[in-house]
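Single-structure report; data block below.
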Amino acid sequence: MDKKIILSAAQPTGNLTIGNYFGAIKNWVDLQDDFDSIFCVADLHAITVRQEPAELRKNTLSTLALYLACGLDPEKCLLFVQSHVEAHTALSWVLSCQTMFGELSRMTQFKDKSRKNAQNINAGLFTYPVLMASDILLYQADLVPVGKDQKQHVELARDIAERFNRNFSDTFKVPEPYIPKQGAKIMSLSEPEKKMSKSDENPQSSVYLLESRDETIKKFRRAVTDSDNCVKYSADKPGISNLITIYSCATGKTTREIEREFDSRGYGEFKSAVGEAVCDRLSGVRARYQELIGEKDYLMQILKSGAEQARYRAMKTLRKVYRKVGFLSPEA
Ligand code: TYM
């Protein structure tokens, strides 16, 4: 039987964080053996906020190197850059004509980003979830492994797929989000009510995959917590609960085991242990990245072959869609 298809992506905007890793990429790596796996670098999504062109190019390649350093195997999965496959933008136009203004207005990420980028609320920021739906639906994905913040977008992709199938007969697989039990929403270290984000202006808030061991350890030592000094998971202790989640993701231990391990040992000791555990978990990723980023020819070769395979698969769906909506084929 054919394997089920998974698809996911990350934007190449700066340095990926442990939120991206535990919420998404680690799970892609765990799933790649059992699924027909497709992962892309979402550079088209990245330009919804202003980018320095040379930086964007650099970050696109660096994101691919990080995917590989985290353990994605180009022999097992299809890896490519979104802008290399023109079908994504083409399908996005067709699907935007199947998506309601009201639906897009309700997207919480759009509302958040509009608040943060009040000077640049461009139309791309608004239609961003339609492009994401196109990424998913073009490859007939069954499952989309993402963090919690992307769940609403995957649900919209489902709604769009169902609507298109109803209006034009069965065309798209209706995808399911795959949200990990642990690590689906890693919070900021300095403001633990907020999601950890690679675009946060305060570098103390986020732990980057590519920073030194010392920096990571220091950030955990300074992480904001309450003052009762008791390592216990609780909704009214967001800072310490976030650290427990991170420690659990890094070590595989359960919340209960962690609470027992640090019973009456205090926050200072716990924060150091979390920092050490995260660094141990990331040390292989960091070392492999340094090797890979020097091998530009190898990385470009993966992207060239990825683009060819992705184009072939994407065009199959796009041709079907064009036929169903009534576009005249030039080859007819
Ligand atoms: P992006 O680049 O913001 O994030 C990449 C992945 O990391 C997850 N993530 C987190 N998980 C847990 N805790 C956090 N603090 C955290 N921050 C980020 C995100 O949920 C995501 O899974 N629009 C997408 C990229 C995209 C995409 C797609 C995803 C483009 N096309 C198609 C899936 C399918 C985005 O901006 O992710």
Side-chain angles (χ1 to χ4, degrees), residues 5-29 31 37-49 51 56 59-60 63 66-67 70 72 80-83 85 88-89 91-92 95 107-110 112-113 116 124-125 127-158 160-161 175-200 205-209 238 242 245-246 248-249 310 314:
I5 300 170
I6 54 171
L7 178 138
S8 202
Q11 291 187 59
T13 41
N15 208 332
L16 297 186
T17 70
I18 57 167
N20 300 124
Y21 181 70
F22 291 127
I25 301 172
K26 173 184 167 290
N27 308 306
W28 307 352
V29 174
L31 295 167
S37 305
I38 307 174
F39 302 110
C40 88
V41 180
D43 58 346
L44 296 171
H45 278 105
I47 63 165
T48 52
V49 298
Q51 300 288 333
L56 179 58
N59 287 337
T60 299
T63 302
L66 257 178
Y67 283 2
C70 289
L72 289 181
F80 68 98
V81 172
Q82 193 184 25
S83 68
V85 183
H88 291 241
T89 41
L91 181 62
S92 187
L95 295 185
M107 294 291 115
T108 51
Q109 195 174 76
F110 172 68
D112 281 357
K113 287 202 174 171
K116 281 189 206 143
L125 202 58
T127 56
Y128 170 120
V130 184
L131 179 59
M132 182 162 154
S134 307
D135 300 340
I136 298 167
L137 302 181
L138 262 181
Y139 299 91
Q140 306 288 352
D142 294 279
L143 218 56
V144 185
V146 285
K148 217 184 215 161
D149 63 322
Q150 295 298 328
K151 187 165 180 252
Q152 195 185 31
H153 290 160
V154 180
E155 281 162 357
L156 180 68
R158 286 174 61 84
I160 297 173
E176 297 273 350
Y178 175 98
I179 314 283
K181 285 202 182 69
Q182 194 69 291
K185 193 169 186 191
I186 302 289
M187 310 306 279
S188 151
L189 294 192
S190 52
E191 294 168 81
E193 293 83 10
K194 250 177 52 181
K195 185 191 77 162
M196 183 181 286
S197 160
K198 50 180 144 34
S199 55
D200 201 308
S205 300
S206 306
V207 174
Y208 301 109
L209 296 189
N242 186 38
T245 300
I246 294 172
S248 164
C249 288

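Order of listing sets the numbers, starting from 1, for every ligand and every atom in it. By convention here, the first residue in the shown sequence is residue 1.
Near Gly23, meaning under 4.0 Å from one of its heavy atoms, ligand 1 places the atoms 11 (N), 12 (C). Atoms of ligand 1 found under 4.0 Å from any heavy atom of Gly183 (numbered from 1 in listed order, with element): 12 (C). Atoms of ligand 1 found under 4.0 Å from any heavy atom of His45, numbered from 1 in the order shown, are 30 (C), 31 (N). Every atom of ligand 1 with a heavy atom of Leu7 under 4.0 Å away is listed here by number and element: 32 (C), 34 (C). Close contacts of ligand 1 with Lys198, meaning ligand atoms under 4.0 Å from a residue heavy atom, involve 1 (P), 2 (O), 3 (O). The distance from ligand 1 to the heavy atoms of Val144 drops below 4.0 Å at these ligand atoms: 33 (C), 34 (C). Which parts of ligand 1 touch Lys185 is read off a 4.0 Å heavy-atom cut-off, strictly below it: atoms 12 (C), 13 (N). The distance from ligand 1 to the heavy atoms of Ala10 drops below 4.0 Å at these ligand atoms: 2 (O), 5 (C).
Protein heavy atom nearest atom 13 (N) of ligand 1, with residue, atom name and distance: Ile186 N, 2.8 Å. In terms of protein heavy atoms, atom 31 (N) of ligand 1 is closest to Asp135 OD2, 2.6 Å. Here the heavy atom of the protein found nearest to atom 19 (C) of ligand 1 is Asp149 OD1, 3.3 Å. Taking atom 10 (C) of ligand 1 as the reference point, the nearest protein heavy-atom neighbour is Gly19 O, 3.4 Å.
At distances below 3.5 Å, not a single donor-acceptor pair connects side-chain atoms of Gln182 with backbone N or O atoms of Ser248. One N or O on the side chain of Ser206 and one on the backbone of Ser197 form a donor-acceptor pair closer than 3.5 Å. Put simply, the side chain of Glu176 never gets that close to the backbone of Leu143: no donor and acceptor are under 3.5 Å apart. Of the possible polar contacts, one joining the Ser8 side chain to the Pro145 backbone as a donor-acceptor pair under 3.5 Å is found. In this structure a side-chain-to-backbone donor-acceptor pair under 3.5 Å is missing from Asn15 to Tyr208. For Asp43 (side chain) and Gln11 (main-chain N/O), no donor-acceptor pair under 3.5 Å exists by modelled atom type.
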Decide ring pair (Phe, Tyr, Trp, His ring centres under 6.0 Å) for His88 and Tyr139; before the verdict, give the C-alpha distance in whole Å, the side-chain angles of both, and the deciding distance to 0.1 Å.
CA-CA 10 Å; His88 291 241; Tyr139 299 91; 5.5 Å; yes
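Closest heavy-atom contact between Ala9 and Ala42: CB-CB, 4.2 Å. The shortest non-hydrogen separation linking Thr13 to Ala46 is CG2-CB, 3.8 Å. When every heavy atom of Pro175 is checked against every heavy atom of Leu137, the shortest pair comes out as CD-CD2, 3.8 Å. For the residue pair Val146 and Gln150, the shortest heavy atom distance occurs at CB-CB, 3.7 Å.
Taking distance alone, with nitrogen or oxygen atoms compared against 3.5 Å, Ala9 stays at or beyond that limit from ligand 1. Here's the thing with Val146: none of its N/O atoms is less than 3.5 angstrom from an N/O atom of ligand 1. Here's the thing with His153: none of its N/O atoms is less than 3.5 angstrom from an N/O atom of ligand 1. Considering backbone and side-chain atoms together, Met196 places an N or O closer than 3.5 Å to an N or O of ligand 1. Among the atoms of Asn20, some N or O lies under 3.5 angstrom from an N or O of ligand 1. For ligand 1, the polar-atom distance check against Ala24 finds no nitrogen or oxygen pair separated by under 3.5 Å.
Of the listed options Gln150, Lys148, Met132, Met132 places a heavy atom closest to atom 28 (C) of ligand 1.
In Ile136, the part holding a heavy atom less than 4.0 Å from any atom of ligand 1 is the side chain. For Ala184, every heavy-atom contact with ligand 1 shorter than 4.0 Å involves the backbone, none the side chain.
Note on ring orientation: taking the six-membered ring where Trp is involved, the planes of Tyr67 and Trp28 are perpendicular (angle over 60°, cut-offs 30° and 60°).
Test Asp112, Asp149, Thr17 against Lys195 for side-chain hydrogen bond (donor to acceptor under 3.5 Å, both in side chains) and you get one pass: Asp149.
For the pair Tyr128 and ligand 1, a heavy-atom separation below 4.0 Å is found.
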